[in-house]
Amino acid sequence: MEKSDKIYVAGHRGLVGSALTRKLRAEGYSRAVFRTSAELDLRRQEKVERFFQEEKPDYVFLAAARVGGILANSAFPGQFIYDNLMIQANVIECSRIHGVKKLLFLGSSCIYPRACPQPIKEEYLLTGPLEPTNESYAVSKIAGIKMCQAYRREYGCNFIAVMPTNLYGPNDNYDLEASHVLPALIRKFHEAKIRKDPFVVLWGTGTPRREFLHVDDLADACLYVMNHYDEGEILNIGSGEDLSVRELALLVRKIVGYSGEISWDETKPDGTPRKLISSDRLVQMGWTCRIGLQEGISKTYSDFLKFDVGNGSIR
Ligand SMILES: NC(=O)c1ccc[n+]([C@@H]2O[C@H](COP(=O)([O-])OP(=O)(O)OC[C@H]3O[C@@H](n4cnc5c(N)ncnc54)[C@H](OP(=O)(O)O)[C@@H]3O)[C@@H](O)[C@H]2O)c1
């Protein structure tokens with residue numbers, strides 16, 4: 001990418017899109033274009049076509065999606081599959097029609113089978129049944145990957161797809177109905193501290209193991225692959241380390257400064273027992289993760305404190 005190229009970041013207000021926008025600005029890419037979902041609903045084909053015709057972006061980061069934690073995924077599987085299939089089909093097809101030089105599609109590590117050998121390598125895709133709690137979301141993301149690969153084969157489009165692990169950082173979704181585990185823990189412990197609650201109830205057994213990557217590291221990796229990777233095979237992006245949800249909860253509790261107890265509601269689902277992806281291919285290409293988990297959560301909590309959750313300025 002040249003600094004003068006026009007770059008469309010789809011989903012620029014989200015966790016990933018806002019980190020990409022910060023990174024592009026910091027690196028001197030000055031011609032980024034954005035639309036909120038209210039200005040441009042990417043599920044609407046004609047509107048997306050008109051946007052591409054008018055703006056003619058050179059590069060596209062496709063970070064717009066319907067995203068959520070285990071609760072939202074289980075409750076709204078129809079919305080998850082419809083929104084994601086429509087958003088990605090419209091953006092990928094319009095990128096082809098309007099000659100976008102390169103597109104980066106954001107997938108997710110939940111595309112991999114539930115019972116995968118660990119760490120999960122890229123070639124394990126479609127080798128077994130998916131985790132049932134987010135199957136709709138995973139199927140839509142797999143369709144996005146296959147669409148990028150098919151467009152490369154049939155039309156020669158330079159469309160690449162990356163599979164990040166669980167992400168966290170500024171602009172995360174703290175709505176407990178929709179959030180992922182890490183922002184949910186930050187909010188629950190913070191509110192319990194303010195209210196001086198004697199204990200906090202957390203979902204599941206605490207035994208599943210998860211890997212986390214700060215979103216600024218992800219943005220760095222996305223820019224790196226946009227500038228250095230031109231293959232059809234998907235690329236994992238992770239930190240290379242996992243920990244149990246129980247260990248994570250203790251770490252977040254310490255950073256937030258909450259002194260009450262943790263009670264585990266074991267009637268609630270755990271999700272996949274372990275999810276650690278292998279980022280060896282990306283690391284061999286020369287990229288490394290820089291932000292450690294403790295440092296990353298501390299920074300994220302400081303960012304969370306800048307907003308007033310009660311005011312609704314945090315999602
Ligand atoms: N969060 C994670 O842990 C994680 C992990 C792995 C992969 N990913 C992937 O990264 C990508 C971005 O995730 P995220 O966490 O940044 O999500 P997010 O914070 O929920 O942001 C999603 C963005 O998508 C936009 N969007 C949603 N529906 C839209 C529509 N119909 N039309 C136009 N824009 C729409 C929203 O725009 P508005 O704000 O304007 O409404 C929002 O800014 C997704 O593809 C996800 O699969 C995320």
Side-chain angles (χ1 to χ4, degrees), residues 8-23 33-48 51-52 60-70 72-73 76 79-92 94 103-112 120 134 136-145 147-148 161-175 177-186 210-219 221-222 234-239 248 271-272 275 277 279 296 300 314-315:
Y8 172 40
V9 181
H12 70 288
R13 292 198 304 184
L15 174 65
V16 172
S18 60
L20 281 168
T21 307
R22 283 194 302 276
K23 179 73 183 166
V33 283
F34 321 107
R35 294 291 186 278
T36 65
S37 62
E39 291 162 345
L40 173 63
D41 184 343
L42 293 170
R43 295 170 301 183
R44 306 283 168 254
Q45 189 178 10
E46 282 169 24
K47 292 188 174 174
V48 182
F51 167 76
F52 272 80
V60 173
F61 288 92
L62 179 39
R66 179 175 282 270
V67 180
I70 195 166
N73 264 282
F76 310 112
Q79 293 178 35
F80 273 78
I81 198 162
Y82 176 79
D83 286 10
N84 288 317
L85 284 174
M86 296 305 286
I87 290 171
Q88 66 206 31
N90 287 334
V91 174
I92 293 171
C94 285
L103 172 146
L104 182 143
F105 172 67
L106 265 300
S108 158
S109 57
C110 64
I111 54 152
Y112 292 111
I120 306 172
N134 57 23
S136 283
Y137 177 71
V139 165
S140 67
K141 289 286 171 190
I142 293 169
I145 295 168
M147 194 165 168
C148 289
V162 295
M163 304 304 123
T165 190
N166 300 293
L167 304 169
Y168 68 98
N171 280 330
D172 210 339
N173 187 346
Y174 290 94
D175 171 0
E177 299 288 309
S179 58
H180 290 111
V181 57
L182 212 160
L185 289 174
I186 290 177
R210 294 287 181 270
E211 177 189 15
F212 296 92
L213 182 71
H214 192 279
V215 73
D216 287 346
D217 268 338
L218 174 82
C222 286
I234 59 176
L235 262 188
N236 287 342
I237 307 179
S239 62
L248 177 72
T272 305
K275 222 168 62 173
I277 57 176
S279 304
T300 305
I314 256 184
R315 310 189 267 163

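For ligands, and for the atoms within them, numbers begin at 1 and follow the listed sequence.
Within ligand 1, the atoms closer than 4.0 Å to a non-hydrogen atom of Thr165 are 5 (C), 6 (C), numbered from 1 in the order shown. Taking every non-hydrogen atom of Arg43 and a distance limit under 4.0 Å, the qualifying atoms of ligand 1 come out as 31 (N).
Residue-to-ligand polar distances keep Ala64 apart from ligand 1: every N/O pair is separated by 3.5 Å or more. Ligand 1 has a nitrogen or oxygen under 3.5 angstrom from a nitrogen or oxygen of Val16. Of the polar atoms of His12, none of the N or O atoms is found under 3.5 Å from an N or O of ligand 1, judged by distance alone. By the 3.5 Å distance cut-off applied to N or O atoms, Gly17 is not counted among the residues near ligand 1. The shortest N or O to N or O distance between Pro164 and ligand 1 is not under 3.5 Å. Between Asp41 and ligand 1, at least one N/O pair is under 3.5 Å apart. Between Leu15 and ligand 1, a contact under 3.5 Å exists for at least one N or O pair. Looking at Ser109 next to ligand 1, no N or O pair under 3.5 Å apart turns up.
Counting heavy atoms under 4.0 Å from ligand 1, residue Ile87 touches it through the side chain alone. With a 4.0 Å heavy-atom cut-off, ligand 1 is reached by no atom of Asp172. Counting heavy atoms under 4.0 Å from ligand 1, residue Val67 touches it through the side chain alone. By the criterion of a heavy-atom distance under 4.0 Å, the side chain of Lys141, and not its backbone, is placed next to ligand 1. Proximity of His180 to ligand 1, defined as any heavy-atom pair under 4.0 Å, is confined to the side chain (atoms from C-beta onward). Contact annotation: for Phe105 versus ligand 1, there are no heavy atoms closer than 4.0 Å.
Residue contacts with ligand 1: Leu40 is included, with a non-hydrogen atom under 4.0 Å away. For the pair Ala19 and ligand 1, no heavy-atom separation below 4.0 Å is found.
The nearest non-hydrogen atom to atom 34 (N) of ligand 1, considering only Gly169, Ala72, Ser37, comes from Ser37. Between Cys222, Gly11, Pro183, Ala65, it is Ala65 that holds the heavy atom closest to atom 22 (C) of ligand 1.
Among the candidates Leu218, Leu213, Asn166, Asp217, the single residue satisfying the side chain to side chain contact (heavy atoms under 4.5 Å, CB included) test with Ser239 is Leu213. Of the residues listed (Ile120, Leu235, Ile234, Ile237), the one engaging Met163 in a side chain to side chain contact (heavy atoms under 4.5 Å, CB included) is Ile234, and it is the only one.
Across all their heavy atoms, Ile145 and Phe105 have their closest contact at N-CE2, 3.7 Å.
Residues passing the side chain to side chain donor-acceptor pair (under 3.5 Å) test with Ser179, sequence neighbours excluded: none.
Looking only at distances, no side-chain donor or acceptor of Asp172 sits under 3.5 Å from a matching main-chain atom of Tyr168.
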